There are 2 protein chains.
Amino acid sequence: MVRADARENRARILAAAREAFAEDGDTSMNQIAQRAGVGPGTLYRNYPNRDALVLAINQEEIERLTGSVDQLLAASPPVEALRLWTIDLVAAMRAKNGLGDALSPAAHKAITEQSYGPVIEAITSLLDAGKRDGVIRSDAEPGDFLQLTGALWRAAPERTESILALILDGLSVRPR
Amino acid sequence: MVRADARENRARILAAAREAFAEDGDTSMNQIAQRAGVGPGTLYRNYPNRDALVLAINQEEIERLTGSVDQLLAASPPVEALRLWTIDLVAAMRAKNGLGDALSPAAHKAITEQSYGPVIEAITSLLDAGKRDGVIRSDAEPGDFLQLTGALWRAAPERTESILALILDGLSVRPR
DNA sequence: TTGCGATCTGGAGAGGTCTCCGTTAACGTA
DNA sequence: TACGTTAACGGAGACCTCTCCAGATCGCAA
């Protein structure tokens, strides 16, 4: 049983965090707590660290991304679908402050059901489609791919396309 | 003209930092300052941030790495040389706390002559050798490659080889 | 309605990075 | 040698993330 006041606090924190991040992506946890009218302790009780809060705030964005996979696969060949999806993902990582870090595999010794898991599943779907068509190496690992996207959003935006092309090339099956 | 006491302080800081990092890779800047017998202000005057200090401490390791390129290229074909060198680099990034971050291109809007620059040069040599032999794409960028190594040291150690293989594959010229 | 666990709260504070700036002391000059 | 200039010093402190826990509060059972 979740106490009513606790649930309400949680909602207030989320709302405050959304507002704060919208105004300034560099908002501190303390500022968010203050804005929500709770102490830092309460903030951290609900979201054990910054990454957790960032993931919670961007939940919808992540659902949009993971939800777009089927459509992309229906409209494009697997590798192209993967390329388009990844560009979308990287754009989100850049736009939403801290999202790239929060989704990094390093942040998830214990995997987050709500966010990290679905993203890995989305990548798995995309890779599997390519494997079925024989255009993506059968040993390609979703976790490795997500790890590599880290290089994409950290790089200068104008480098994104070429680095991604390189990664996709490495994932592709060589013509014989 | 550098004041004598300043030069001595600089040396003491470096020595203290080396010791401190050897004992515990997570040493704080304050601890290092204290150990060196200077105030935090003096520490930061000499090394404007943690990355700068980490680079200074690992200067020799970086020189060893950049110095090993010629030998590798003499002994192995370019792609294999690049592979071996990168494994060495990634091992160093993992072993020396903070070195991976400090060498990340993101940390160098203003490039560090002493450390970051030479590493880029080393990568350039390795890539150029491959380009001359027609086995590496002529549009391969050293900065992009360094960016991608970030994914290597951040990943679990047992994933290093396979992710690196993928990157090298992406860099290679496709057989026709 | 009241009582009483169990749950939740908030803020003090530990320990971090890094800045600011009044004070100190090195060193060229006379 | 004495002095003025000025680079260098160091610590107080701003602001950060995150922890700990004494006390407040909720909601079930009687």
Side-chain angles (χ1 to χ4, degrees), chain A residues 1-17 20-21 23-58 96-104 106-110 112, chain B residues 1-17 19-21 23-57 96-104 106-110 112:
Chain A
M1 191 66 214
V2 180
R3 264 165 60 168
D5 58 335
R7 187 172 43 249
E8 214 210 292
N9 267 334
R10 200 165 212 280
R12 272 224 312 287
I13 288 170
L14 213 51
F21 272 104
E23 283 173 21
D24 170 14
D26 267 352
T27 324
S28 80
M29 296 296 269
N30 279 347
Q31 277 168 35
I32 291 167
Q34 197 165 15
R35 185 165 196 148
V38 302
T42 302
L43 173 52
Y44 278 92
R45 150 175 284 267
N46 283 280
Y47 302 98
N49 53 48
R50 177 171 260 272
D51 285 345
L53 181 58
V54 168
L55 287 181
I57 287 173
N58 293 294
K96 313 293 181 176
N97 217 290
L99 186 55
D101 280 324
L103 281 178
S104 146
H108 296 270
K109 314 262 169 166
T112 308
Chain B
M1 188 65 212
V2 180
R3 262 165 59 168
D5 58 335
R7 186 170 48 248
E8 214 210 292
N9 267 334
R10 202 165 211 281
R12 271 224 311 289
I13 288 170
L14 213 51
E19 283 170 32
F21 273 105
E23 283 173 21
D24 171 14
D26 267 352
T27 323
S28 80
M29 296 296 270
N30 279 347
Q31 277 169 34
I32 291 168
Q34 196 165 15
R35 186 166 196 146
V38 302
T42 302
L43 173 52
Y44 279 92
R45 150 176 286 269
N46 283 280
Y47 302 98
N49 52 48
R50 177 170 259 273
D51 285 345
L53 181 58
V54 167
L55 287 181
I57 287 173
K96 313 293 181 177
N97 217 291
L99 186 55
D101 280 324
L103 280 178
S104 145
H108 295 270
K109 314 261 169 166
T112 307

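Reminder, nothing fancy here: chain letters follow the sequence lines and each chain counts from 1. Since this is a predicted model, take the numbers as computed values, not measurements.
Contacts of B/Q31 classified as side-chain hydrogen bond (donor to acceptor under 3.5 Å, both in side chains), with partners at least two apart in sequence or in another chain: none. In terms of the side-chain hydrogen bond (donor to acceptor under 3.5 Å, both in side chains) criterion, residue partners of A/N9 (sequence neighbours excluded) are, by chain and number, A/R12. A/R50 meets the salt bridge (Lys or Arg N to Asp or Glu O under 4.0 Å) test with no other residue; sequence neighbours excluded.
For the pair A/R7 CZ and C/dT9 P, the computed distance is 12 Å after rounding to whole Å. Going from atom CZ of B/R45 over to atom P of C/dT24 covers 17 Å, rounded to whole Å. Whole-Å rounding puts the A/L43 CG to C/dG11 P distance at 13 Å. B/N46 has its CG atom 10 Å from the P atom of D/dG10, to the nearest Å.
Remark: B/N97 CG to B/D26 CG distance equals 5.0 Å, nearest 0.5 Å. Atoms CD and CG, on B/E19 and B/D24 in that order, are 13.5 Å from each other to the nearest 0.5 Å. Atom CG of A/L53 sits about 9.5 Å away from atom OG1 of A/T27, to the nearest 0.5 Å.
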Atom pairs, N/O to N/O, protein against nucleotides 25-30 of chain C, distance under 3.5 Å?
unit_1, atom_1, unit_2, atom_2, d
C/dC27, OP1, B/A4, N, 2.8

Enumerate all atom pairs, one protein N or O and one N or O from nucleotides 14-18 of chain D, separated by less than 3.5 Å.
unit_1, atom_1, unit_2, atom_2, d
D/dC16, OP1, A/S28, OG, 3.4
D/dC16, OP1, A/Q31, NE2, 3.0
D/dT17, OP1, A/R50, NE, 3.2
D/dT17, OP1, A/R50, NH2, 3.1
D/dT17, OP2, A/M29, N, 2.9
D/dC18, OP2, A/Y44, OH, 3.3
D/dC18, OP2, A/R50, N, 3.2

Which pairs of donor and acceptor atoms, one on a side chain in residues 36-46 of chain A, lie under 3.5 Å apart (sequence neighbours left out)?
unit_1, atom_1, unit_2, atom_2, d
A/N46, OD1, A/R10, NE, 3.2
A/N46, ND2, A/T42, O, 2.9

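A/F21 and A/V54 get closest at one heavy-atom pair: CZ-CG2, 4.1 Å.
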